[in-house]
Amino acid sequence: MNPPSGPRPGGYVGRFAPSPTGDLHLGSLYTATGAYLDARSHQGRFLLRIDDLDRPRERPGAADRILRTLEAFGFAWDGPVVQQSARAAAHGRALAALRALERLYPCDCTRRERALGVGAYPGTCRHRREPIRGPHALRVRVDPIEIDIDDRIQGRWRRNLAATGDFIVQRRDGIVAYPLAVVVDDAALGVTDVVRGADLLDSTPAQRFLQTLLSLPTPRYAHLPVLTEPDGAKLAKSRRSVPLDARIAGPQLATVFDLLGLAPPAGLARARIEELWAWGVAHWNAQQVPRRPNLPLPAPTAAPLGPAG
Ligand code: GLU
């Protein structure tokens with residue numbers, strides 16, 4: 001397939017934004033494939049961003065291996081790969097804007113202290129009078145307002161920001177936190193459509209709030225279910241996280257199509273990778289994706305996931 005080249009004013013811009021904290025597995029292929037098919041079926045652009053801010057959690061070589069795996073599976077992205085770590089100036093400007101709005105406050109609560117509270121951060125440091133001198137995070141002061149989210153897959157839902165609580169935008173170690181980096185970078189890239197895993201649903205109200213504070217556009221959202229083990233447990237390497245294997249890219253992609261609700265014909269797994277993508281783009285329909293936050297993999301004998309099954 002020929003990816004469209006060049007920006008299309010007003011057109012669809014999607015992205016896949018893996019963190020280089022490990023190799024891609026079947027669950028990441030699922031997310032990447034949903035994002036890719038949605039972009040290409042809208043004749044949209046598809047961008048690739050490596051979300052590499054969390055250096056302590058980064059695995060050496062993972063970013064390169066992610067790119068190679070995506071290439072081997074036939075993904076083609078538009079423009080250069082964006083590295084989130086190169087965007088520090090823009091993140092700094094966003095923090096400055098939040099500070100100017102008097103929305104930031106320092107917080108030196110430890111993880112242990114926070115864990116004592118149930119649910120949202122109780123706002124312990126919000127009203128502190130004495131200055132904080134030691135290492136601290138920066139939190140955004142939220143308003144207790146309702147945020148409505150109209151998700152293309154998960155449907156409409158509403159969350160009061162009080163349930164999110166004042167959230168961290170810069171960690172104690174100085175690293176800009178995910179919700180801030182993602183809204184700043186998606187806006188700078190002109191992303192119109194965010195298609196990603198439902199593990200990030202919970203962070204979406206905070207992201208919507210930041211977009212409002214920073215006068216950034218809100219993209220459309222589509223949260224794909226997160227693949228789990230047949231018993232609902234998180235995918236784990238020791239069990240069936242199923243490492244991606246370029247030698248069986250066709251069968252693995254066909255499996256993912258099936259789990260995305262595409263109902264691929266039996267022979268498709270053996271087709272050339274370009275044919276698989278052409279078929280996927282022609283048949284993609286976000287409405288057919290299971291409307292649930294988690295999707296257990298079928299029991300081991302049911303799916304042709306790899307040579308070892
Ligand atoms: N980098 C995030 C992750 O790998 C995804 C960011 C996003 O899609 O908003 O979980």
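Please read all numbers here as calculations on a predicted model, not as lab measurements. Note that ligands are numbered from 1 as they come in the structure, with each ligand's atoms numbered from 1 the same way. Throughout, numbering of the chain's residues begins at 1 and tracks the sequence. These numbers come from the heavy atoms of this one structure, side chains and all, not from hydrogens, waters or symmetry mates.
- Distances below 4.0 Å separate heavy atoms of Val182 from the following atoms of ligand 1: 9 (O).
- Near Arg196, meaning under 4.0 Å from any of its heavy atoms, are these atoms of ligand 1: 7 (C), 8 (O), 9 (O).
- For Phe16, no heavy-atom contact with ligand 1 is shorter than 4.0 Å.
- In terms of N/O distances under 3.5 Å, ligand 1 is not approached by Asp199.
- Tyr105 and Asp166 share a side-chain donor-acceptor pair at under 3.5 Å.
- Among protein heavy atoms, the minimum distance from atom 3 (C) of ligand 1 is reached at Ser19 OG, 3.4 Å.
- Neither side chain, Ser19 nor Asp51, offers a donor N or O lying under 3.5 Å from an acceptor on the other.
- Judged by the shortest distance from any of its heavy atoms, Arg49 lies outside the 4.0 Å radius around the atoms of ligand 1.
- The proximity of Val194 to ligand 1, defined as any non-hydrogen pair under 4.0 Å, does not occur for either the backbone or the side chain.
- Residues Arg156 and Asp148 are not in side-chain contact: their nearest non-hydrogen atoms beyond the backbone lie 4.5 Å or more apart.
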Can you check salt bridge (charged side-chain N to carboxylate O under 4.0 Å, His left out) on Asp186 and Arg49, steps first, answer last? CA-CA 9 Å; Asp186 281 345; Arg49 187 179 70 223; 2.7 Å; yes
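- Of the protein's non-hydrogen atoms, Arg15 NH1, 2.6 Å is the one closest to atom 8 (O) of ligand 1.
- Ring geometry for Trp279 against Phe257 counts as parallel: the plane angle stays under 30°, on a 0 to 90° scale with 60° as the upper cut.
- In terms of heavy-atom proximity, Tyr30 sits nearest to Leu224 at O-CD1, 4.0 Å.
- A side-chain N or O of Arg196 and one of Thr204 form a donor-acceptor pair less than 3.5 Å apart.
- Close approach to Ala17 involves these atoms of ligand 1, each under 4.0 Å from a residue heavy atom: 1 (N), 2 (C), 3 (C), 4 (O), 5 (C), 6 (C).
- The nearest protein atom to atom 9 (O) of ligand 1, hydrogens excluded, is given as Tyr178 OH, 2.6 Å; this is a heavy-atom distance.
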